[in-house]
J.: 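Structure incoming, see below.
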Amino acid sequence: MRHLMGPLDFTAEELDKLFDLANDIEHNMAKYAHACDGKKLATCFYEPSTRTRLSFESAMLNLGGSVIGFSDAGSSSASKGESVSDTIRVISCFADICAMRHPKEGAPMVAASKSSIPVINAGDGGHQHPTQTLTDLLTIRSLKGKIENFTVGLCGDLKFGRTVHSLIHALMRYPDIHFIFISPEELKVPDYLTDMLKEKNIPYEEVIRLEEIMPSLDFLYMTRVQKERFFNEEDYVRLKDFYILDKPKMDLAKSDMLVLHPLPRVNEISVEIDDDPRAAYFKQVQYGVYVRMALILTLLEIQV
Amino acid sequence: MRHLMGPLDFTAEELDKLFDLANDIEHNMAKYAHACDGKKLATCFYEPSTRTRLSFESAMLNLGGSVIGFSDAGSSSASKGESVSDTIRVISCFADICAMRHPKEGAPMVAASKSSIPVINAGDGGHQHPTQTLTDLLTIRSLKGKIENFTVGLCGDLKFGRTVHSLIHALMRYPDIHFIFISPEELKVPDYLTDMLKEKNIPYEEVIRLEEIMPSLDFLYMTRVQKERFFNEEDYVRLKDFYILDKPKMDLAKSDMLVLHPLPRVNEISVEIDDDPRAAYFKQVQYGVYVRMALILTLLEIQV
Amino acid sequence: MRHLMGPLDFTAEELDKLFDLANDIEHNMAKYAHACDGKKLATCFYEPSTRTRLSFESAMLNLGGSVIGFSDAGSSSASKGESVSDTIRVISCFADICAMRHPKEGAPMVAASKSSIPVINAGDGGHQHPTQTLTDLLTIRSLKGKIENFTVGLCGDLKFGRTVHSLIHALMRYPDIHFIFISPEELKVPDYLTDMLKEKNIPYEEVIRLEEIMPSLDFLYMTRVQKERFFNEEDYVRLKDFYILDKPKMDLAKSDMLVLHPLPRVNEISVEIDDDPRAAYFKQVQYGVYVRMALILTLLEIQV
């Protein structure tokens, strides 16, 4: 039995198979409408995350399965002092597969070690959020037909953003990816990641302003810059507009450049961009459903 | 694609079709048991409302569809600052139709403008609650065979009650409706509504005591009088019993008069009335399910 | 129409039929996969209880039915002052059967009296939790092939634990059950229960330490000893380890003795016991699903 704990659990070859399946699902939904008849997904969300939870639920329902679960720790037995290990053993009696979100790093790993059903890490603290990374990769592959030979810009909070870290890790495995990191000094990508890039001879640049590198990008992955991450108010005021994607900045970009964002956004992408054909962040949500459908089928070893 | 924002979105003719469908559903439930197979309803409730939410969910399940959603804002991305416009675009990737309850007037309208799936306003602040009005009209039509030539009493808080305002608006479109408004001075129906009635030459009366007009009513629509709406304690104590429907007051009414209430009730209808054949407020709940089934089918353009 | 309010609502003969059905379900799940097609369970949980709620939901989904409901009072109409009687009348319009958990003793009974659908008491305050007792009995019968001629140890908080009280009541009806109550002085089983045992000439012992009676037990039913139940800190410190089941204590027990626990556990059973073949508390969770499936079928009068 297999779980999904981190974005590198699957080899690049296994990911190719997963994405092929996701694309087949995209184009032949009806074929999969009863693939999980009688199967049950448990969504165990120890902290709320509507988007991720509903994406999993939508995926399971699209496959003909059904869903049980809880959407915050308050309504779970955790409030009575039950361990994650006990909870997953109990959930194993109720469902066939489990998606777990937990504020504590490693909690889904502990659960997986005691589980008799496949466990999917749906986000554990600042640690991992592998289905977001799978979503990002599928979006890139589906919209460009490949994952290689791209200049990828990652913009915003590159220090604390787990989504960004996971995506960098995942993209390192593909050929000819050139990274450009766009962030304020305070929120630069951690050294362990740039060290890894150097070691693997993967080219990267670090810049402070988005404008200057817009023309060279094939992809721009936006994330939010939270005010509370800054050391002082002046820096925040001085820098914040550098990291807001608006029409003037988009005018500098290639005509086939694509903008991704893990959502929710607050104001880091101006709504005036939403109808630009290069804005791919809502398509990304749709790919998130397809990749979760493919993942559920793969972990349950169901072939259609 | 069509949404339901307010109770007057449908013409009287369209409502007739909707109610015909609801009545067919009532008498032939089995025929509709798979009408929405594979379809998903999203219930996006930014404030709790169990009855309305469960009524929608029951309706969708009766049609063979399934349900995802959230039941309060705390467990939604709204708490991370996401706009309703973004949320509905995301929900559009997860579901085929959405019922939205929101504390802010107009929020469902904003959502509808960005949505790629039909949106039903399931209540927006003090503004509109159109499926309640559809429920009220269907109940009247089903139990009396028509919506015309009635003396309709509306009793209680007529100043703040959005349910009552919507129902008055909706009934104005039917022939020979005579309105009697029963409320304390402080909670009279707003001027803009009585002005509209005058303009259309629709007869109405305003009275303070329920007893005196009981014998003339064909329908009595009860609502709650909340203590906090009164200017002073004495007025509340003096008036409150006027607006409690009990057996002595029912004895004054016609034998085929019907009592409606949007529920939940607290004490404005004595439980001793519940088994009176004229008490129609629990039947009304059942009609609420039928009308929501008809509405879902209509907005999804599914014909059975 | 029949409800389930307490663990003695069914006669011993009726229980035998229920357990036969549960065992048939266990061994022939596929046969029951569509038994409740089109039926809806409402889970009305006025206080959170994830395990119980998910067990009911899993049971209904296994039968092909679907589920609506709420998982705490905050998101229900109770917060608007609605009575349980009104709520169940409304729920009767939305679902075919209801499982109700309520902090107030007797609330499910009030609901049942006004309901037009079967109501299952899923726990009412410190009063009853009948489906837990049915689960316990089914586990015993399934793992031992009978419910008779056993020495049953009940350990921990025997004063306040409703699960224990219900199980004692239920076991009294079976032949040759010998009870051993293991608890601190402060948490002894109430007099009304020992009086009842004396009256029926059913043998029982009361002891303070678990070790001394381990060798004689056929079953050990563990419950938690909460610190706040003790009169003083010293007593708690002195006594708490007596009531923690660990490997040394298990070494004293028969090779076919079985350990049950209603869960969640905190530390009253050491995790080192979990893989002991005599640890039956996770199997018990699985039997809880089977017995609820059998119960739903029985109350809905569905025969497969």
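Heavy atoms only: backbone and side chains are in, while hydrogens, waters and symmetry mates are out. Every chain is numbered from 1 and lettered A, B, ... according to where its sequence line falls, protein lines coming before strand lines.
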J.: Closer than 4.0 angstrom, basic N to acidic O: yes or no for C:E13 and C:K17?
T.: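 Salt bridge absent between C:E13 and C:K17.
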
J.: Taking B:D24 first and then B:K31, would you say they form a salt bridge - that is, a charged N and a carboxylate O separated by under 4.0 Å?
T.: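 Judged by the 4.0 Å cut-off on N to carboxylate O distance, B:D24 and B:K31 do form a salt bridge.
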
J.: Within 45° of the ring axis of C:F10 and under 6.0 Å from its six-membered ring centre, is that where the NZ or CZ of C:R2 lies?
T.: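 Yes, a cation-pi geometry holds between C:R2 and C:F10.
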
J.: Can you tell me which of C:S83, C:G69, C:S92, C:A95 forms the most heavy-atom pairs within a distance under 4.5 Å of chain B?
T.: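 Most pairs with chain B among the choices: C:G69.
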
J.: Which residues pass the salt bridge (charged side-chain N to carboxylate O under 4.0 Å, His left out) test with C:D86, sequence neighbours left out?
T.: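 Counting only residues at least two positions away or on another chain, C:D86 forms a salt bridge (charged side-chain N to carboxylate O under 4.0 Å, His left out) with B:R265.
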
J.: Examine whether an atom of B:N267 lies under 4.5 Å from a heavy atom of chain C, and if so say whether it belongs to the side chain, the backbone or both; otherwise answer neither.
T.: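 Neither part, no heavy atoms under 4.5 Å.
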
J.: Tell me, out of C:V90, C:D37, C:I91, who's got the most heavy-atom pairs with chain B below 4.5 Å.
T.: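 Top count of heavy-atom pairs under 4.5 Å with chain B: C:V90.
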
J.: With a 4.5 Å limit on heavy-atom distance, are the side chains of C:Q128 and C:T133 in contact?
T.: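 SC-SC contact between C:Q128 and C:T133 ruled out.
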
J.: Under 4.5 Å, heavy atom to heavy atom: which of residues 281-293 of chain B reach chain C? Give them by number, or say none.
T.: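 Heavy-atom contacts from residues 281-293 of chain B to chain C are B:F282, B:V285, B:Q286, B:V289.
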
J.: Salt bridge between B:R141 and B:D20, side-chain N to carboxylate O under 4.0 Å?
T.: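 B:D20 and B:R141: salt-bridged.
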
J.: Are there over 12 heavy-atom neighbours, none belonging to C:M109, within less than 6.0 Å of that residue's CE?
T.: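 Counting neighbours around CE of C:M109, 12 or fewer heavy atoms of other residues, nucleotides or ligands fall under 6.0 Å, so no.
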
J.: What residue, out of B:A59, B:S55, B:G64, B:S66, has the most heavy-atom pairs lying under 4.5 Å from chain C?
T.: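 Counting heavy-atom pairs under 4.5 Å, the top option is B:S55.
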
J.: For the ring-ring contact (aromatic ring centres under 6.0 Å, His included) test, which of B:F45, B:Y46, B:F70 pairs with B:H102?
T.: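 Exactly one option meets the ring-ring contact (aromatic ring centres under 6.0 Å, His included) with B:H102, and it is B:Y46.
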
